[in-house]
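Notes to accompany the following structure.
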Amino acid sequence: MTELEINAQAKRLNASSLKALAEQRSDSIYSAGPWTLNASRQFLDSEAEQALLSFAKSQNIEGAISALFAGEHVNASEDRPATHWALRANPSDNPDVEALRVTLDPALEYAEKVRSDGKFKTVLHLGIGGSDFGPRLLHDACKDDYPNEIDVRFAANVDPLDLDRALSGLDPHTTLVVGVSKSFSSEETIYNLERVRDWMSEHVGREWPEHFALVTASPDKAKAWLGRDSDRLFDMPISVGGRFSLWSNGSLACMIAFGKSWFEEFLAGAREMDEHVQTAALTDNLALKLALIDYWNMTIRNVESGIVLAYSNALRMLPTYLQQLELESNGKSVQPDGSSIPAKSISGLWGGEGTIGQHSYHQWLHQGTCNVAVEFIVALNPDREPNGTRALIAHALAQAEVLANGRSEEEIAAEEPDLDPIIRKQKVMPGGKPSLILACKAFNAHALGALIALYEHRTFLAGRLWGVNSFDQWGVERGKVQAAKIKKALAGESETDDPITAQLVDFFRK
Ligand SMILES: O=P(O)(O)OC[C@H]1O[C@H](O)[C@H](O)[C@@H](O)[C@@H]1O
């Protein structure tokens, strides 16, 4: 099956009504662990789905799943496996898996100790990118439902205000700083660590290293930074990419806040999803289903923007988290062998929290001219106040229905016969906007683990369909190099090559 043949399927379905297609596909419901996907409202029918599945097989999608879990070097450009899944695996006979799994033990033990000691009242997490988004998401998603007495704060940006805000009102004597950097060289993290070191040593003197726990794959750099060895240096395996690292000791701050059993529940949810992805038939594999829909919408149907709407206050950070996971993984245009990919890869991805966005950008979703695909994540907690919860569900379902079915001029005329015809035209909702609904009726750490693992596998499988290596990120390097040069120019120590940048440097220096 080629892309051309799939394109022919899209052409065939182009003029179809999404409402009619959805009614034909009302059995497009798939489950894995605590999550259920309703995928009815897509421009698909069984013939097109069959074509997509054949395409996936022609890309050896089954081989990709096996290769990931066999620890093959799926990250070709860095000649490494991608082993995030091993951190959540059951105890294993495979020594490589076991070696990764046990890297969590010292940090979990330390977390329990901090919890029982009671010395630290605040944990300040410093990291950026994959060393920040994951722990931030975990903390925000769980802080209301898991008993915790520790105030966890985050700072990531090199903008000094970020750390100023995080430090505001903190008592250094009861603060533990958790510094997370796989490379131990990200400028923002080192900058923030250095500022906090100064702040800490000003207040606690030579005891300052006792207030730091560092998580890294570069322990030598961390030791050099601390000026000594420490039993609070925790490992981040080199084969676990930054954006896949929330299963690692990178989540130490959350381990301390919520405890070992919480973290184990989180890992168990991911493990359940890993098992599903490895054992489900391709037709029922939730991660593959989502990857194929991404390929269909973004590559074949030219969707310009993928929108993730979290109908869950607990998951309000999810769109930001997914931007790194999906765009850093698949925002590429070259295959591992150096040749260009045959077609367009992932579209832009953004989103927000429902119902908040309904009072903002949903106008654009409903009546704008962009080709969008929307994803509703409805994650419920049965213990919450029922009227609000019912309203939350109703709004998610209403938005999905209106996006798909729209409201025609005839319908408006029948419902509002006295309406000025000019206004009537402006009230038309074109509809035909596909969406997915991913729902969980009892959201907790287990469900969160399953959800993130699902997105990881979807990202990897979609990357395979697009022909890219989802585990490297060469595109982020050049800007860092240029910034280092420009910083010198801003300090008056050198010139910049680019005339426009030089002009701007001049502007900021005056
Ligand atoms: O954990 P670190 O080595 O500090 O890296 C932090 C982040 O920065 C890099 O630029 C990458 O884009 C991310 O993938 C990574 O997660």
Side-chain angles (χ1 to χ4, degrees), residues 35 37-39 127-144 154 156-157 242-246 254 270 273 286-287 290-291 293-294 297-298 303-331 345-366 368 370-381 392-393 395-396 399-400 403 433-440 443 447-460 462-463 470 473 476:
W35 292 94
L37 172 73
N38 188 314
I128 197 162
S131 296
D132 171 73
F133 293 129
R136 241 184 236 258
L137 167 69
L138 296 189
H139 185 256
D140 201 47
C142 295
K143 66 183 179 201
D144 302 288
F154 294 86
N157 203 341
R243 55 192 174 274
F244 299 86
S245 67
L246 79 181
C254 297
M273 193 57 74
L286 199 53
L290 291 167
I293 290 173
D294 283 341
N297 280 331
M298 295 179 173
V303 156
E304 294 147 276
S305 236
I307 319 285
V308 180
L309 302 176
Y311 276 71
S312 157
N313 187 246
L315 287 177
R316 63 189 167 173
M317 297 284 309
L318 184 70
T320 306
Y321 177 80
L322 293 178
Q323 278 180 328
Q324 191 205 18
L325 177 63
E326 299 198 41
L327 298 181
E328 197 170 67
S329 296
N330 290 335
S345 67
I346 192 165
S347 311
L349 183 91
W350 60 276
E353 180 187 352
T355 60
I356 310 295
Q358 289 175 202
H359 303 271
S360 156
Y361 48 81
H362 282 233
Q363 164 64 38
W364 173 82
L365 288 180
H366 287 293
C370 268
N371 191 8
V372 293
V374 184
E375 196 156 310
F376 292 84
I377 316 297
V378 185
L380 305 178
N381 181 330
L392 184 72
I393 302 170
H395 278 290
Q399 292 294 317
L403 282 168
K433 317 237 173 189
S435 66
L436 297 168
I437 297 187
L438 195 54
C440 167
F443 182 72
L448 180 60
L451 180 70
I452 298 171
L454 173 64
Y455 272 102
E456 286 178 349
H457 292 307
R458 167 204 199 154
T459 298
F460 168 55
S470 301
Q473 57 282 320
V476 301

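Side chains are part of it too, since the values below use all heavy atoms of this structure and drop only hydrogens, waters and symmetry mates.
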Does any non-hydrogen side-chain atom of [Y] lie less than 4.5 Å from one of [X]?
X: Leu438; Y: Tyr455; result: yes
X: Cys440; Y: Leu451; result: no
X: Phe460; Y: Phe244; result: no
X: Gln399; Y: His366; result: yes
X: Thr459; Y: Ile346; result: no

Once you measure the plane-to-plane angle for His362 and Tyr311, does it fall in the parallel (<30°), tilted (30-60°) or perpendicular (>60°) bin?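 Perpendicular: the ring planes of His362 and Tyr311 meet at over 60°.
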Whether the side chain of Lys433 engages the backbone of Val372 through a donor-acceptor N/O pair (distance < 3.5 Å, no angle test) should be reported.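 It does not hold such a pair.
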Using modelled atom types only, decide if a donor and an acceptor are shared between the side chain of Glu304 and the backbone of Ser347 within a distance under 3.5 Å.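 Not at all, since once roles are kept as given, no pair shorter than 3.5 Å links the two residues.
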Pair up each side-chain donor or acceptor in residues 127-134 with any protein partner under 3.5 Å, not counting sequence neighbours, and list the distances.
from	atom 1	to	atom 2	distance (Å)
Asp132	OD1	Arg136	NE	2.9
Asp132	OD1	Arg136	NH2	3.2
Asp132	OD2	Arg136	NE	3.0

At what distance, to the nearest 0.5 angstrom, does CZ of Phe443 lie from CG of Leu315?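 Rounded to the nearest 0.5 Å, the CZ-CG separation comes out at 4.0 Å.
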Result of checking Gln363, Glu353, His395 against Gln358 for side-chain hydrogen bond (donor to acceptor under 3.5 Å, both in side chains):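 That would be His395.
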Mind checking salt bridge (Lys or Arg N to Asp or Glu O under 4.0 Å) for Arg458 and listing every partner two or more places apart, or none if nothing turns up?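 So Arg458 forms a salt bridge (Lys or Arg N to Asp or Glu O under 4.0 Å) with Asp294, Glu375.
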